[in-house]
Protein chains: 2
Amino acid sequence: MCAHIPYPADIYTILSTTMSAPEAHKYEFDVKMTCSGCSGAIDRVLKKLKDVPEPTVQDYTVDLDKQLVNVTGTIPYEDLLAKIKKTGKEVRSGKTIQ
Amino acid sequence: MCAHIPYPADIYTILSTTMSAPEAHKYEFDVKMTCSGCSGAIDRVLKKLKDVPEPTVQDYTVDLDKQLVNVTGTIPYEDLLAKIKKTGKEVRSGKTIQ
């Protein structure tokens with residue numbers, strides 16, 4: 001009787017599966033923004049999630065004209081929505097695109 | 001040898017001392033707000049701290065013209081500052097008035 005001892009190749013497979021980075025998603029939010037001060041506030045909040053050693057937001061755009069905030073990141077949708085809501089801005093709608 | 005057993009009057013004193021509400025303070029923040037959307041965002045964040053069963057903010061005003069946010073509440077200064085900063089608005093300065 002002998003237990004299966006994984007070969008190095010098996011270990012590599014296990015590690016790469018369990019330790020791989022979480023998948024990034026694309027999100028879109030319709031946010032009421034009436035001036036550059038409004039969009040600037042959203043920008044600053046997202047910048048804080050992006051410009052850190054282990055960012056949960058990889059990229060984003062804040063479009064005042066279209067009233068749209070687009071985000072690409074590993075951050076879960078609900079966490080991102082909560083962050084945007086904490087700006088006090090009215091979030092009309094939000095969705096996961098990809 | 002007999003331990004001191006508090007009289008009802010003593011118990012009342014103990015309870016009223018240990019269970020009294022925390023003292024309310026007055027705070028003032030100079031916040032960059034460029035439109036009613038900006039001041040409305042601050043208003044919504046403070047409203048959430050006021051309109052709850054056990055509010056930590058008792059009263060507040062948001063003055064767009066003067067760029068001032070005045071708050072009366074039991075909330076500690078640092079907690080309130082953190083809440084306002086999460087709006088993404090630039091807080092130029094803040095102080096405890098009373």
Side-chain angles (χ1 to χ4, degrees), chain A residues 26-95, chain B residues 26-95:
Chain A
K26 284 180 187 288
Y27 307 108
E28 185 175 279
F29 297 89
D30 180 342
V31 183
K32 187 173 179 184
M33 299 175 285
T34 42
C35 74
S36 60
C38 295
S39 56
I42 305 283
D43 183 90
R44 275 185 287 274
V45 167
L46 294 174
K47 196 178 179 67
K48 278 189 187 173
L49 297 172
K50 189 187 172 197
D51 292 350
V52 287
E54 292 184 26
T56 54
V57 163
Q58 276 68 53
D59 202 10
Y60 68 88
T61 56
V62 181
D63 192 318
L64 175 59
D65 289 340
K66 292 179 180 163
Q67 304 274 290
L68 288 180
V69 176
N70 282 85
V71 178
T72 302
T74 52
I75 188 170
Y77 175 83
E78 289 300 332
D79 294 1
L80 181 57
L81 177 61
K83 282 279 182 186
I84 295 175
K85 280 191 170 176
K86 277 189 182 158
T87 64
K89 292 286 157 202
E90 185 193 329
V91 180
R92 295 191 191 101
S93 67
K95 62 187 174 186
Chain B
K26 283 181 188 289
Y27 307 109
E28 185 175 280
F29 296 91
D30 180 342
V31 183
K32 188 175 179 182
M33 301 176 284
T34 41
C35 75
S36 60
C38 295
S39 55
I42 305 283
D43 184 89
R44 277 185 286 275
V45 168
L46 294 175
K47 197 178 177 70
K48 276 190 187 172
L49 297 172
K50 189 187 171 195
D51 293 351
V52 287
E54 292 185 25
T56 53
V57 163
Q58 277 68 52
D59 202 12
Y60 68 88
T61 56
V62 181
D63 192 318
L64 174 59
D65 289 340
K66 293 180 182 165
Q67 305 274 290
L68 288 180
V69 177
N70 282 85
V71 178
T72 302
T74 52
I75 188 171
Y77 175 82
E78 289 300 331
D79 293 2
L80 180 58
L81 177 62
K83 283 279 181 186
I84 295 175
K85 280 191 171 176
K86 278 187 180 159
T87 64
K89 291 288 159 199
E90 184 194 330
V91 180
R92 294 192 192 101
S93 66
K95 60 186 173 186

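Naming convention: chains lettered A, B, ... in sequence-line order (proteins, then strands); numbering from 1 in each chain.
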Identify every side-chain donor-acceptor pair in residues 83-91 of chain A under 3.5 Å, counting partners at least two apart or on other chains, and give the distances.
residue	atom	partner	partner atom	Å
T87(A)	OG1	I84(A)	O	2.5
T87(A)	OG1	K89(A)	N	3.2
K89(A)	NZ	G37(B)	O	2.8

Applying a heavy-atom distance below 4.5 Å, give me the residues of residues 42-70 of chain A that approach chain B, sorted by number.
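Interface residues of residues 42-70 of chain A: R44(A), V45(A).
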Residue pairs meeting ring-ring contact (aromatic ring centres under 6.0 Å, His included), one or both in residues 30-58 of chain A, sequence neighbours left out, come to none
List the residues meeting ring pair (Phe, Tyr, Trp, His ring centres under 6.0 Å) with F29(A), not counting sequence neighbours, and say none if there are none.
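Once residues adjacent in sequence are excluded, the partners of F29(A) under the ring pair (Phe, Tyr, Trp, His ring centres under 6.0 Å) criterion are Y77(A).
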